[in-house]
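Structure record follows, encoded as structure tokens.
In what follows, every chain begins at residue 1, and chains take the letters A, B, ... in the order their sequences are listed.
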Amino acid sequence: MRKASLIHFARQVINSPSSSHCRSFSSPPSNNKLFVAGLSWSVDEKSLKEAFSSFGEVSEVRIMYDKDSGRSRGFGFVNFSKEDEASSAKDAMDGKALLGRPLKVNFALDKVNREPVNTRHSNRGSTFGRSR
DNA sequence: GTTGAGCGTT
């Protein structure tokens with residue numbers, strides 16, 4: 001019977017070590033998400049990944065492109081496997097230059113859904129009310 | 001043939 005063990009465990013969990021809230025006062029959200037900008041308009045995801053994979057394990061690399069122009073917007077996102085690696089890469093690649101252009105690396109914001117929510121429950125009538 | 005601050009589905 002280790003019922004007591006659970007209680008002790010719970011007590012330990014409840015008794016947090018000192019008062020540690022969030023030491024991130026001047027740090028934006030995102031743990032392992034990195035925002036990379038200042039990229040050349042000719043850079044690719046693989047290039048960024050190759051450049052950042054040297055500091056840690058890059059889990060995901062996403063570069064934004066323009067649908068109207070077809071060229072890269074000059075900024076992208078890099079996902080690291082660990083926050084330590086992301087921090088290291090950010091501190092190391094931030095201010096450096098890639099492809100002849102200075103890089104701007106920072107923690108990415110918490111954005112994953114371009115649209116909040118879209119429940120398709122419009123037209124509940126039928127063939128009536130059709131304008132066009 | 002161009003240009004250069006930024007935080008997302010191209």
Quiz item: What parts of residues 31-38 of chain A reach DNA chain B, counting only heavy atoms under 4.0 Å away?
Solution: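 DNA chain B contact set from residues 31-38 of chain A: A/K33, A/F35, A/A37, A/G38.
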Self-check item: Interface residues of residues 77-97 of chain A with DNA chain B (non-hydrogen, below 4.0 angstrom)
Solution: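 A/F77, in order of number.
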Rounded to the nearest Å, what distance is computed from the [atom1] atom of residue [X] to the [atom2] atom of nucleotide [N]?
| X | N | atom1 | atom2 | result |
| --- | --- | --- | --- | --- |
| A/F107 | B/dG6 | CZ | P | 19 Å |
| A/D110 | B/dC7 | CG | P | 14 Å |
| A/L103 | B/dA5 | CG | C1' | 14 Å |
| A/Y65 | B/dT9 | OH | P | 14 Å |
| A/R73 | B/dT9 | CZ | P | 7 Å |
| A/E60 | B/dT9 | CD | C1' | 11 Å |

Quiz item: In terms of hydrophobic clustering (I, L, V, M, F, W, Y; side-chain heavy atoms under 4.5 Å; direct or indirect links), are A/M93 and A/L99 co-clustered?
Solution: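 Linked, A/M93 and A/L99 end up in one cluster.
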Quiz item: Transitively linked via ILVMFWY side-chain contacts under 4.5 Å: A/L98 with A/V105?
Solution: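 A/L98 and A/V105: one cluster.
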Quiz prompt | salt bridge (Lys or Arg N to Asp or Glu O under 4.0 Å) partners of residues 86-102 of chain A, not counting sequence neighbours, each pair once | solution =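 Listed once each, the pairs would be none.
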Quiz item: Of A/I63 and A/W41, whose closest DNA chain B nucleotide lies nearer the 5' terminus?
Solution: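 The residue closer to the strand's 5' end, by nearest nucleotide, is A/W41.
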Extract all donor-acceptor atom pairs below 3.5 Å that involve side chains of residues 39-66 of chain A and protein atoms in other chains or at least two apart in sequence.
residue: A/E45; atom: OE2; partner: A/I63; partner atom: N; Å: 3.2
residue: A/S53; atom: OG; partner: A/K49; partner atom: O; Å: 2.7
residue: A/S53; atom: OG; partner: A/E50; partner atom: O; Å: 3.2
residue: A/D66; atom: OD2; partner: A/D68; partner atom: N; Å: 2.9
residue: A/D66; atom: OD2; partner: A/S69; partner atom: N; Å: 2.5
residue: A/D66; atom: OD2; partner: A/S69; partner atom: OG; Å: 3.3

Self-check item: Among B/dT9, B/dG6, B/dG4, the one nearest A/M64 by side-chain distance
Solution: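 That would be B/dT9.
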Quiz prompt | Closest nucleotide among B/dG6, B/dG4, B/dC7 to the A/R101 side chain | solution =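 The answer is B/dG4, which lies nearest to the side chain.
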Self-check item: Rounded P spacing from B/dG6 to B/dT2 in Å
Solution: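 Between the two P atoms, the distance is 23 Å.
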Quiz prompt | Distance, P atom - from B/dT3 to B/dC7, rounded to whole angstrom | solution =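 Per the computed distance, 23 Å lies between those P atoms.
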Quiz item: Any side-chain heavy atom of A/F77 sitting closer than 4.5 Å to one from A/V36?
Solution: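 They are not in contact (no side-chain heavy atoms under 4.5 Å apart), so the answer is no.
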Quiz prompt | Any residue meeting side-chain contact (heavy atoms from CB on, under 4.5 Å) with A/K33, in chain and number order, not counting sequence neighbours | solution =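 A/K33 satisfies side-chain contact (heavy atoms from CB on, under 4.5 Å) with A/S30, A/N79, A/A108, A/D110 only.
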Practice problem: For B/dT2, take OP1 and OP2 only and decide whether either is under 4.0 Å from a side-chain N or O of A/R71. | Solution: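 So the side-chain polar atoms of A/R71 do come within 4.0 Å of the phosphate oxygens OP1 or OP2 of B/dT2, strictly under.
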Quiz item: Does any N or O donor sit under 3.5 Å from an N or O acceptor when you compare the side chain of A/R62 with the base of B/dT10?
Solution: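 Counting by modelled atom types and ignoring angles, no donor-acceptor contact under 3.5 Å is found here.
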Exercise. Could you tell me which non-hydrogen atom of A/F80 sits nearest to which non-hydrogen atom of A/A89, and how far apart they are?
Key: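 Result for this residue pair: CZ-CB, 3.4 Å.
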